[in-house]
Amino acid sequence: MQPSSNYTLLFPKAINWEEFIAYRPDVPFSDDVVEFLNVLSRSLMQDPSSRLYPDVITFAYFCRKANLLKYKEQYVRDGELRLGRGILFHIAPSNVPINFAYSLVAGLLAGNANVIRVSNKLFPQVDLVIKHLYELIDQYGVVSERVALVRYDHDSDANAYFSSIANVRVIWGGDATIAALRQNPIHPRSFDVCFADRYSIAAIRPSAIAAANNEALFRLAEAFYNDTYLFDQNACSAPHIVFWLDEPGLTEAKRSFWKAVHDCAVRRYQFQPVMSVDKLTAFYRQAVSMDVKAEQMPDNVVVRVELGGLPSNVEDFRCACGYFSEKTIKSLDEIAPIVNIKYQTLGYYGFEKPELFDFVKRNRFSGLDRLVPIGETTAFSFTWDGYNLINALSRIVSVL
Amino acid sequence: MDINEILEIAPYSLSKEEKHKLLNERLLELTHKHYEKCPEYRRMMDAAGLDVENLPYYENIPFLPVRLFKEFELRSCSKEDVVKTMTSSGTTGQQVSRIYLDRETSSAQQKCLAKIVTHFLGSQRVPMLILDSSAILKDRNMFSARGAGILGFSIFGSKRQYALDENMELDIEGMKTFLEAHKDETIFLFGFTFMVWQHFYKKLLETGYHPNLSKGVLIHGGGWKKLVNEMVLPEEYKRHLNEVCGILPENVHDYYGMVEQTGCVYMECKCGHLHASAFSDVLIRRPFDFSLAYKGEKGLIEVVSTLPGSYPGHILLTEDEGVLLGEDDCPCGLMGKYFKIEGRIKNAELRGCSDTYAAKF
């Protein structure tokens, strides 16, 4: 297929697609790539503007050599020969600005060359990363050549072109984006790694709240804020229901948790008038479909809704920017009936790994790929939505 | 008081205390009715924690966001009793608000509009010049809020003439004949704010036709957003119109209204203020916590109306922001609250990472 010209090339300045496509895959976690990412990491961390963006700092931190070498130990097996799949076409989401960079890192570390279409929404985080990528071109040409960042409208034929050259499409951005991309054919040996619409929840044990001193509660509130408000509650890992174990001290635990979260959100979150209308509308919409009761809160920054029952369609009734359904349960197993393939993350506080392990094994869910402590739900990992990305984006070469 | 008795009250004659008493009685009655007859409304009020046996003052009754009328069929009468379904404007594919009227509510809306408009027009039926195209009611594609508004206000037109032909050009001959036939009478002009500017005022300038509309009373609505690029302020709007056709600035009235509360429009007085009639009221709420804003403080506009009997539209939260300017003390002499509209609330700017320090500077 002829290369499309309906796109804006953000990095590098010019590209020869024929040469790009002729890329020969590398082994996962090659020294060149690890070094490249380490230098990128340092470059970003040294830039004072990065400090305005906690997510950029977290990303830069993630790309440090020491961190990557730890992952290398986990993801590279001795004696196994792997090579990248070749050319990856990533479609980045528009809800988490730095996501494109993690996708790129996974692609590079798996041994591939990467075309990434970034969101049409402009984000300073994207600009920052691009700026630092340019600074690496001269000294790190070998790996820089494996990166192309583009931007274009949804209906551009660039989708068709990049699909046609891709060995794997890495599709973020939810069900609608996946459906749109799937209209473009790919090579017979190519496939898609898709990140569909997901839904996430949280579970808290009251006794853990009671045991937390003020400082711990403050940190928990900040952690919960990072899981939710930091991305306007739009990240796929952001909890929309908070489940509380029915224990003595429940009322007081809810009160102190939400007070801490509320104080944090009032301090950090940029509240906009339309959010109050959106949340009120979401509340009444939910009230028509199921038994709910509004929970008294001092203002519209944190809106809480107590669920009477737990209907299976509760996932259809969500709202962004700080809207939480709540349910008291006698045991985690009560959550099981509503968990479906869409459920991604359960953020928890006050539970131990073994009991969560058993919870999953007992109930054999088709969803809930991650059970992580509150505060870490958005932490990127090479195992995401049930995919081991390094394995998925590379192939095994059998030498017998 | 039933609604017909209420509508006998002179539209701008009630003081704050009298009005509060009237509204309270009527709105509590309506709340009871809607709670009983509209299952969705009942669920919503139960969820909000409303104690229907002990209703508070109407300022503390939960307000419904207008968007809900796009998503749900909210009706407090049987399907058979519905004589008319009003819909908001919307391009195909967009959800529209659906407002169900029974005979009583429909007639109350008409009566209310008549009471209000007559107050400004001087009499019930006058020759009407519609500042829009004759095609507006014929072409289904063009029919929208413009068509609905024109139809609604047409009840005041004893004789009707369109200012624009099917090609959106001035029908100068038509207008000349019409104005000649009614030369000493009050002429009622109606049009949408941007239409009046773009297709009437500007065309009058272009063609050099200066009709004598010194006895004209213009009522226009639809908002100023589309004129933002023209950078014309309301005072200038009236002045320019006066220059081109002699209409007196105090006879040019903007109005604010919505399909969810048809009939009780908020008319602009000669001081340039929008006024609540005796039949409805506005409250300004702070978006942060929905508390009532002070006079002069911008907030979300809540509208309450004595009219909606067949659908739970008596207490609504709009998506417009406004400012309360005063109550009972407007220099124009009309009693009641008067306010100004700032515009639609902005869509959320969800940047995904709202936590940038730069935003605090």
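In what follows, every chain begins at residue 1, and chains take the letters A, B, ... in the order their sequences are listed.
- Contact annotation for A:Y284: both backbone and side-chain heavy atoms come within less than 4.5 Å of a heavy atom of chain B.
- Both the backbone and the side chain of B:E40 have a heavy atom closer than 4.5 Å to some heavy atom of chain A.
- Aromatic pair B:Y35/B:Y41: centroids not less than 6.0 angstrom apart.
- Side-chain contact check for A:D55 and A:T58: no donor-acceptor pair (N or O, by modelled atom type) lies under 3.5 Å.
- One finds a salt bridge joining B:E321 and B:K298 here, because a Lys/Arg side-chain nitrogen approaches an Asp/Glu carboxylate oxygen to under 4.0 Å.
- Side-chain atoms of B:H34 and B:S76 form a donor-acceptor pair, as typed in the model, at a separation below 3.5 Å.
- With a 4.5 angstrom heavy-atom cutoff, B:P39 does not touch chain A via any of its atoms.
- Each of A:Q296, A:R285, A:K293 has some count of heavy-atom pairs under 4.5 Å with chain B, and the biggest count is that of A:R285.
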